[in-house]
Amino acid sequence: MTMLPPSPASPTFRAHDGLTTTDRIVGNGILLRLGVWFGLSAAVLGGCGEDETQGGDVGVTDTAASDSSGNNPGGVPDITDDSANVLDGADLADTEEELENWGIPTNPNEGEFGWPCEDNSVCYSGFCVESQVGKICTDACIEECPPSWACSQVTNTGGDTTYICKPHYLHLCNPCETHTDCSDSAVLSNALCIDYGAIGKFCGGDCSGNFPCPAGYDCMEVESPTGPPAKQCVKKNATCPCTPAAVAKNLVTTCNATNEFGVCYGKRWCTPDGLTDCDASVPAVEICDTKDNNCNGKIDDMTVAEICDIKNEHGVCKGEVDCVGGIANCLGPSAAPEICDGLDNDCDGNADEDFGDADGDKKADCLDEDDDNDGILDAADNCPLHANPTQEDFDGDGKGDACDGDDDNDGVVDESDCNPNDGKVYPGAQELCDGLDNNCNGIADDGLCYDGNPCTNDVCDPANGCVYAPFAGPCDDGSACTTGDKCVEGACKGDQKNCSDGNPCTSDLCGVSQGCYNVNADGTPCEDGNQCTVNDSCQNAVCKSGPLAACNDGNECTKDSCNPAQGCIHDAAGLNGSPCDDDDACSIESKCSGGQCSKTKSYDCGPYAKQQGCFLATCVDGGFLGAVCFCI
């Protein structure tokens, strides 16, 4: 016997609140759909089984009605397209786009195809099946089903058979470990568990027959060790989503972390927040710690010598780690006091450094009779530690210029003296009006005639005294709030900086020392660009949307909505023909027309007129008495 879906009844009668029974059913349906598609209510997810195709307690045994090849190749296929490398991480597929990709209606009516269910009793077709979002009602079929769905034969516990629509790509893009994780014997999908390397394995979907891949997937050939290449649907340019059903089943895939040190294996699994990161350890260079740091299955198998320090009071010498039972011992020489022997006794990288080497000949002065290597033996050299072959002595103090720290005898060593050959020039000297930089600050005669004005050239003329000559050109007025500072008629002036950052939710300020800065203007009214919100305000330098605008005009014959660009819309024609209540007891039927509730059928006072023997009777609204007929 073939079972066909029953036709849903939709009785309509007037209720006291103006809603029909159909209105009430649709209203509740909307609330339930929102809970399922966008919130995934715990009640529906809790009803999801592992692979109970029929749902509830009817007890259906499935046999395939399409794609009867029966192939389920084993082994690990290789994918030959770089687009697979984008499969890393995941988001819950709770958008309308993903529902449409799976062939699931985004706004089903109660009990019809796509309506969430826990058992067969709530479905008009009598069948509640597993889908990518959990259990939903399906339809009976003869030949065709929605895209990505297959017409499949089922047998119930009474022995009757029928055909119903079931998802062809039930496990597509699910995390997996073996091919059996991706198979669905009910429609013989021949889905393979495809290995994408480090990020894990994900289910493909057989696209070799008449089932095109859903939007966002490519039909690609993957290698299979047990047969010819298989055609499988593969996610492109996006991450594989964790479907609600995958989250409910906590599906898992293997993964690995790979670098120059080796490969460590771990797992990833579906959660309400998406696919977790791989929990594999990061391979590291093997060290002596009784751990397999590089994940090669061996402990403390160090192939590169680990350098270690041997310390004592004389210094630090380098040695190599000798690992025994996870305990590292450092083998090598120990530091000793430095002696004049040409060796680095204290392991600091220098030999005989404590004994000097005045001449880069790599021979300690304690062993060298000509320490500065200038051809004059130390005993007769006026500068034994610095080469001074001509024995120059500028100031005649008996100390050679090469080793005399103060050649001009001004009390300042040559290294700190800007002119070591002039006793009038040295750091700290009193500045004189002589055209020289006496105090070595880089400016001759500075401070003698300084007037504090950056727009004058202050000159000390020994013959004429101080001269203050104004000049035109760039300057600095000392304020970070001006720009383009320049000298004008002996004064430094600049233009005020524009500190606006273009953000209405910040206050634009400027400090003389710090320049422009912006402060959050929290609580300031702003406009978020959405005409469907009111009382928008600034929070953390961002214009946050306020509550939604109340667009209900109180008229049951206008269709109220809101457009972000226009604001509230009251469509007078949107509910034309809809039943309404014109508050007239004499109305038997009234409908909306042009935004007004108009009477379309009045109470018939003809029988009353005939009974009263009058020519004509009319109906008036008698308030609490209801409709009242009067002869006229």
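Because the structure is predicted, anything quoted here is derived from the model rather than measured.
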Distance-only, no hydrogens or angles: does the [X] side chain make a donor-acceptor pair with backbone N or O of [Y] under 3.5 Å?
| X | Y | answer |
| --- | --- | --- |
| Glu221 | Pro229 | no |
| His179 | Cys193 | yes |
| Glu286 | Asn293 | yes |
| Thr253 | Cys176 | yes |
| Asn256 | Cys264 | no |
| Asp292 | Cys295 | yes |

Under-2.5 Å SG separation for cysteines [X], [Y]:
| X | Y | answer |
| --- | --- | --- |
| Cys219 | Cys233 | no |
| Cys145 | Cys165 | yes |
| Cys308 | Cys330 | yes |
| Cys543 | Cys505 | no |
| Cys203 | Cys182 | yes |
| Cys242 | Cys270 | yes |

Is there a side-chain contact between [X] and [Y] (heavy atoms, below 4.5 Å)?
| X | Y | answer |
| --- | --- | --- |
| Trp115 | Ile136 | no |
| Ser125 | Phe113 | no |
| Val252 | Arg268 | no |
| Val133 | Trp102 | yes |
| Val519 | Asp508 | no |
| Cys538 | Cys526 | yes |
| Val263 | Thr258 | yes |

With sequence neighbours excluded, tell me which residues meet side chain to side chain contact (heavy atoms under 4.5 Å, CB included) with [X].
| X | result |
| --- | --- |
| Glu527 | Gln531, Asp536 |
| Asp344 | Glu338, Asp346, Asp348 |
| Ala541 | Asn503, Thr506, Asn520 |

Check your understanding: Just by distance, with hydrogens left out, do Thr271 and Asp273 show a side-chain donor and acceptor under 3.5 Å apart?
Key ->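 No.
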Exercise for review: Would you kindly say whether Asp181 and Asn174 are connected by a side-chain donor-acceptor distance under 3.5 Å?
Suggested key: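 The criterion, which ignores hydrogens and geometry beyond distance, is not satisfied for Asn174 and Asp181.
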Review point. Residues two or more places apart in sequence or in another chain: which of them pass salt bridge (Lys or Arg N to Asp or Glu O under 4.0 Å) with Asp354?
Key: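 Counting only residues at least two positions away or on another chain, Asp354 forms no salt bridge (Lys or Arg N to Asp or Glu O under 4.0 Å).
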Review point. Quick one: salt bridge (Lys or Arg N to Asp or Glu O under 4.0 Å) partners of Lys267, sequence neighbours excluded?
Key: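 Applying salt bridge (Lys or Arg N to Asp or Glu O under 4.0 Å) to Lys267 gives Glu177.
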Practice item. For Asp139 and Phe127, run side-chain contact (heavy atoms from CB on, under 4.5 Å): C-alpha distance rounded to whole Å, both residues' side-chain angles, the deciding distance at 0.1 Å, then the answer. Key: CA-CA 7 Å; Asp139 279 341; Phe127 290 97; over 6 Å; no
Determine all donor-acceptor pairs shorter than 3.5 Å in which one atom belongs to a side chain in residues 314-326; sequence neighbours excluded.
{"from": "Lys318", "atom 1": "NZ", "to": "Asp309", "atom 2": "OD1", "distance (Å)": "2.6"}

Check your understanding: So how far is it from Asp501 CG to Asn518 CG, rounded to the nearest 0.5 Å?
Key ->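 Answer for the CG-CG pair, Asp501 versus Asn518, is 4.0 Å.
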Review point. What are the two closest heavy atoms between Ala280 and Tyr265, and how far apart are they?
Key: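 Smallest heavy-atom distance, with atoms named: CB-C, 3.5 Å.
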Practice item. Could you tell me how the ring of Tyr196 sits relative to the ring of Phe202: parallel (under 30°), tilted (30 to 60°) or perpendicular (over 60°)? Key: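 Ring orientation, 0 to 90° scale: tilted.
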Point to revise | side-chain contact (heavy atoms from CB on, under 4.5 Å) evaluation trace for Thr162 with Ile164 | key: CA-CA 7 Å; Thr162 188; Ile164 62 173; 4.2 Å; yes
Point to revise | Single hit among Thr533, Asp528, Asn530 for side chain to side chain donor-acceptor pair (under 3.5 Å) with Ser545 | key: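 Among Thr533, Asp528, Asn530, the one meeting side chain to side chain donor-acceptor pair (under 3.5 Å) with Ser545 is Asp528.
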